[in-house]
Engineer: 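The structure is given below, and queries will be raised subsequently.
Everything numeric here is computed off the predicted structure, so don't read it as measured data. Here is the naming used below: chain letters follow the sequence lines, and residue numbers restart at 1 for every chain.
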Amino acid sequence: MSSFDDHDAFASAVPLSQRAMAGRGAPYLDGLNPAQKEAVETLEGPVLMLAGAGTGKTRALTARIAHLLSTGTARPNEILAVTFTNKAAREMKTRVGRLLGDAGEGMPWLGTFHSICVKLLRRHAELVDLKSNFTILDTDDQLRLFRQLIQAEGIDEKRWPPRMLASIIDGWKNRALRPDAVPVADAGAFDRKGVMLYAAYQDRLKTLNACDFGDLLLHMVTIFQTHDDVLEQYRRYFRFILVDEYQDTNVAQYMWLRLLAGGHKNICCVGDDDQSIYGWRGAEVGNILRFEQDFPGAHTVRLEQNYRSTPHILAAASGVIASNKGRLGKTLWTEEKDGEKVRLIGHWDGEEEARWIGEELEAMGRGTRGLRPVSLDECAILVRASHQLRAFEDRFLTIGLPYRVIGGPRFYERLEIRDAMAYFRLAVSPDDDLAFERIVNTPKRGLGDKAQQKIQIAARSNGVNLLEGARILLASKGLTGKGAAALAELVSGIDRWHAQVRLGGSHIETAEMILDESGYTTFWQNEKTPEAPGRLENLKELVKALENFDNLQGFLEHVSLIMDNESEDTEAKVTLMTLHAAKGLEFPAVFLPGWEDGLFPNQRAMDEQGLKGLEEERRLAYVGITRAEELCTISFAANRRIYGQWQSALPSRFIDELPEEHVDVLTPPGLYGGGFGAAGMAASASPAISGAMGSDMHEKASKADVYNSPGWRRMQSRSAQRSVSQPQETRNMVIDLEAVSAFTEGDRVFHQKFGYGEVTGIEGDKLQISFDKAGPKKVVAKFVVPAASAGDVPF
DNA sequence: ACTCTTCAACTTCAG
DNA sequence: GTTGAAGAGT
């Protein structure tokens with residue numbers, strides 16, 4: 001502890017004089033509001049910066065770094081600044097750089113939790129029985145390992161899929177639980193062998209000299225907990241700690257931070273409890289909620305002035321999030337006065353919703369939506385689940401509206417990238433058995449299961465890696481003919497590439513050589529599948545991404561940097577993405593479709609997590625609304641096709657939580673505003689019904705009209721009856737039985753897709769119906785309505 | 001060893 | 001309805 005006190009003395013003695021000098025006229029302080037300034041200037045002790053959406057969080061954070069540096073309080077290498085994504089790290093680097101010339105480049109400890117842990121772990125690997133050149137497994141390798149372990153245990157792979165094991169173990173690692181520390185209650189998972197498999201997995205990783213992403217954190221926590229000297233060294237070294245998106249930290253990250261900040265307590269955490277949307281990934285909102293208890297004397301600063309959205313949008317978002325319990329509490333405000341209300345609109349089905357949004361986008365481009373003309377670049381459609389994007393892609397493809405999808409499979413997770421990476425890995429470290437397994441028969445070399453087994457046996461019986469095993473196998477003539485020749489060529493290739501890597505020289509040329517000589521490029525060139533050209537394109541991008549690195553090793557470590565491969569074309573496009581992917585972004589015009597109970601809030605989240613899940617969904621809604629700067633449009637559909645099945649749905653309960661005075665209820669053009677279901681019926685082209693509705697067509701219905709409509713009241717009373725944690729099955733059964741019992745044989749019914757028909761039989765929750773046009777069909781009862789009342793029983 | 005067919009799954013996703 | 005993975009067939 002004594003060395004520690006020295007450090008404290010040092011920390012407070014040096015900066016004081018210099019801080020006085022820098023106090024005035026520092027350019028990075030210009031234009032900061034009082035709260036931001038406070039967050040920037042409170043350098044010592046624990047600080048919690050509660051930064052609401054659009055309140056200039058990154059600005060304050062970078063200014064704080066600039067302040068630490070330019071007052072001489074800290075040197076660049078004494079600041080530990082952690083983020084969750086490489087993107088965030090990069091942005092912070094460039095913004096600090098912009099404030100201070102190129103000083104940002106000199107901050108070696110600004111990075112993601114994982115990249116910083118890799119750096120630390122390479123230095124201290126031996127303390128957890130690894131060598132410093134350990135490899136980091138990707139998800140694919142991980143699953144392969146789990147599969148092997150499960151098979152070795154003789155567990156049924158069908159009932160206990162490797163993926164499930166992976167997520168269980170991942171969960172344990174997120175909670176910083178080592179195999180010996182898994183609570184008894186959890187330990188029985190996976191056919192009672194969960195913990196045992198966990199331990200076996202860790203053993204296997206050790207022999208492979210590898211670790212997974214969770215281990216990076218967990219190993220460092222272990223080291224800090226068991227080696228005081230190492231911990232002390234870093235406590236002295238990292239004199240100031242900054243954490244971005246603190247609400248997203250999991251237990252392991254939390255422990256890591258607490259250990260490091262334990263001495264000087266100079267830790268500044270930035271976050272927003274209302275934007276915690278990664279609970280399913282192990283994030284603990286509790287970490288940020290507990291900050292003041294964890295760090296007594298903590299200084300909490302609230303950034304509440306919003307620079308992004310109009311007052312109506314902010315009010316709508318606040319209205320929704322207010323229903324959550326246990327918030328730290330913030331009230332966003334803005335100096336902005338004008339602006340459109342949040343728009344709300346219901347549609348008959350998902351296709352109509354997509355069609356309408358497409359038309360809106362075109363109209364907004366022409367400036368006919370009350371706003372200035374808005375470019376497609378300024379518009380985004382944010383959905384809860386990625387499969388919802390398809391409806392929009394389909395629609396936009398047919399009308400030729402340019403769009404871009406963010407997310408989807410990550411660049412580095414793609415097949416061809418992972419294959420190429422496996423080659424690179426082998427060239428860097430030929431003892432990487434997982435990489436060897438991956439590419440030994442990719443492209444096809446005639447080395448099938450049998451040949452691979454022989455290699456495995458040769459390797460294991462000689463206690464060497466697979467490459468050496470292959471060499472032994474070849475020398476002993478255990479393999480003959482074509483396979484032997486192919487394997488010999490692969491082995492000599494790996495040797496050659498490895499030599500090339502060790503020589504240094506251009507790693508880009510080496511990479512090209514590897515892809516070329518291995519036959520991998522040729523393999524895709526010969527492939528005539530439609531995606532082959534794209535894959536070749538990706539490989540080219542991969543090589544191009546190498547330019548940013550000094551060598552292959554460095555590249556392999558930071559492979560994820562190439563994830564955001566923005567295409568460079570300049571055509572304006574709407575952005576399509578999930579709500580999760582949208583966090584941290586902003587757009588002048590935002591569409592939030594699919595606000596239906598079950599979809600959003602997501603049923604599974606509620607079933608599995610109960611109130612906790614619902615609150616996270618609500619935060620997601622909050623994140624969605626606060627992405628909008630000028631115009632936010634929420635919509636829902638009464639019917640939606642999910643997994644090929646038509647399902648009717650109720651508007652999301654979050655819609656009820658939107659404050660009425662900040663919402664404009666729109667009705668689809670040409671439809672009667674007396675209820676969404678009724679409107680939909682008209683749209684689905686029953687001439688008799690639409691005739692009966694008359695010509696009373698508003699562009700906008702008053703909100704009261706819609707909120708008082710039968711359909712709406714029905715939705716309200718239904719959602720009021722429901723308890724949050726009630727499982728879906730129960731609910732569906734009740735509804736289905738209700739639905740079935742509403743019919744008897746001989747009833748005339750109407751189905752939105754098949755039209756009119758007659759009930760000829762009842763089986764469980766399904767009806768046998770003879771349709772006038774479509775013929776006999778079996779249909780789930782809730783999708784049909786009595787023909788006579790088709791107009792007023794929408795749900 | 002490769003291809004075809006059947007069968008189940010299916011929220012969100014960074015490192 | 002669609003996709004991906006595993007098993008059987010050639």
Engineer: Among all residues two or more places apart in sequence or in another chain, which pass the ring-ring contact (aromatic ring centres under 6.0 Å, His included) test with A:Phe600?
Structural biologist: A:Trp595, A:Phe654
Engineer: In chain order, what residues pass the ring-ring contact (aromatic ring centres under 6.0 Å, His included) check against A:Phe436, with sequence neighbours excluded?
Structural biologist: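 Listed in chain order: nothing, the list is empty.
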Engineer: Grab the NZ-P distance between A:Lys583 and B:dA14 for me, whole Å please.
Structural biologist: 11 Å
Engineer: Kindly say if A:Arg147 contacts the phosphate of C:dA6, meaning a side-chain N or O under 4.0 Å from OP1 or OP2.
Structural biologist: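 A:Arg147 to C:dA6 OP1/OP2: side-chain N or O found under 4.0 Å.
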Engineer: Where the side chain of A:Thr112 is concerned, which of C:dG1, B:dT12, B:dG15 is the nearest nucleotide?
Structural biologist: B:dG15
Engineer: Within less than 4.0 Å of OP1 or OP2 of B:dT12, is there a side-chain N or O belonging to A:Ser386?
Structural biologist: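 True: A:Ser386 side-chain N/O within range (under 4.0 Å) of B:dT12 OP1/OP2.
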Engineer: Any side-chain N or O of A:Thr578 below 4.0 angstrom from OP1/OP2 of B:dC13?
Structural biologist: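 Yes, within the criterion.
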Engineer: N/O contacts under 3.5 Å, protein versus nucleotides 1-8 of chain B?
Structural biologist:
{"residue": "B:dA1", "atom": "OP1", "partner": "A:Gly448", "partner atom": "N", "Å": "3.3"}
{"residue": "B:dA1", "atom": "OP1", "partner": "A:Asp449", "partner atom": "N", "Å": "2.9"}
{"residue": "B:dA1", "atom": "OP2", "partner": "A:Gly448", "partner atom": "N", "Å": "3.0"}

Engineer: Find the distance A:Glu608:CD to B:dC10:P and express it as a whole number of Å.
Structural biologist: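 It is 11 Å, rounded to the nearest whole Å.
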Engineer: What base-paired stems does DNA chain B take part in, with at least 3 consecutive Watson-Crick or G-U wobble pairs and both distances under 3.5 Å?
Structural biologist: B:1-10 with C:1-10
Engineer: Answer with base, sugar-phosphate or nothing: what part of the nucleic acid does A:Gln253 contact at a heavy-atom distance below 4.0 Å?
Structural biologist: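 Since no nucleic acid heavy atom lies under 4.0 Å of A:Gln253, the category is nothing.
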Engineer: Does the separation of the ring centres of A:Tyr254 and A:Trp256 fall below 6.0 angstrom?
Structural biologist: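 So the answer is no for these two rings.
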Engineer: Distance from A:Asp248 atom CG to A:Ile277 atom CD1, nearest 0.5 Å?
Structural biologist: 7.0 Å
Engineer: Distance check: side-chain N/O of A:Asn86 vs OP1/OP2 of B:dG15, anything under 4.0 Å?
Structural biologist: yes
Engineer: For A:Thr249, give me all partners under side-chain hydrogen bond (donor to acceptor under 3.5 Å, both in side chains), at least two apart in sequence or on another chain.
Structural biologist: A:Asn287
Engineer: Determine whether A:Glu489 and A:Arg445 satisfy the following criterion, salt bridge (Lys or Arg N to Asp or Glu O under 4.0 Å), listing intermediate values before the conclusion.
Structural biologist: CA-CA 10 Å; A:Glu489 172 155 7; A:Arg445 292 192 175 86; over 6 Å; no
Engineer: Does A:Glu353 have any side-chain hydrogen bond (donor to acceptor under 3.5 Å, both in side chains) partners at least two apart in sequence or in another chain, and if so, which?
Structural biologist: A:Ser635, A:Arg640
Engineer: Please report the distance, rounded to the nearest Å, between NE2 in A:His219 and C1' in B:dG15.
Structural biologist: 15 Å
Engineer: Using a heavy-atom cut-off of 4.0 Å across all strands, would you classify A:Arg390 as base, sugar-phosphate, or nothing?
Structural biologist: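 Touches sugar-phosphate only.
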Engineer: Would you call the rings of A:Phe238 and A:Tyr234 parallel, tilted or perpendicular, where under 30° means parallel and over 60° means perpendicular?
Structural biologist: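 Plane angle under 30°, so parallel.
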Engineer: State, without any angle test, whether A:Asn324 and A:Tyr622 hold a side-chain donor-acceptor pair at a distance under 3.5 Å.
Structural biologist: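 Checked: A:Asn324/A:Tyr622 side chains show no N/O donor-acceptor pair below 3.5 Å.
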Engineer: Start at the 5' end of DNA chain B and walk down; is the nucleotide closest to A:Leu216 or to A:His387 reached first?
Structural biologist: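 By nearest-heavy-atom nucleotide position, the 5'-most residue is A:His387.
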Engineer: Closest to the A:Thr85 side chain: B:dC13, C:dG1, B:dA14?
Structural biologist: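 Looking only at heavy atoms from C-beta outward on A:Thr85, the closest nucleotide is B:dA14.
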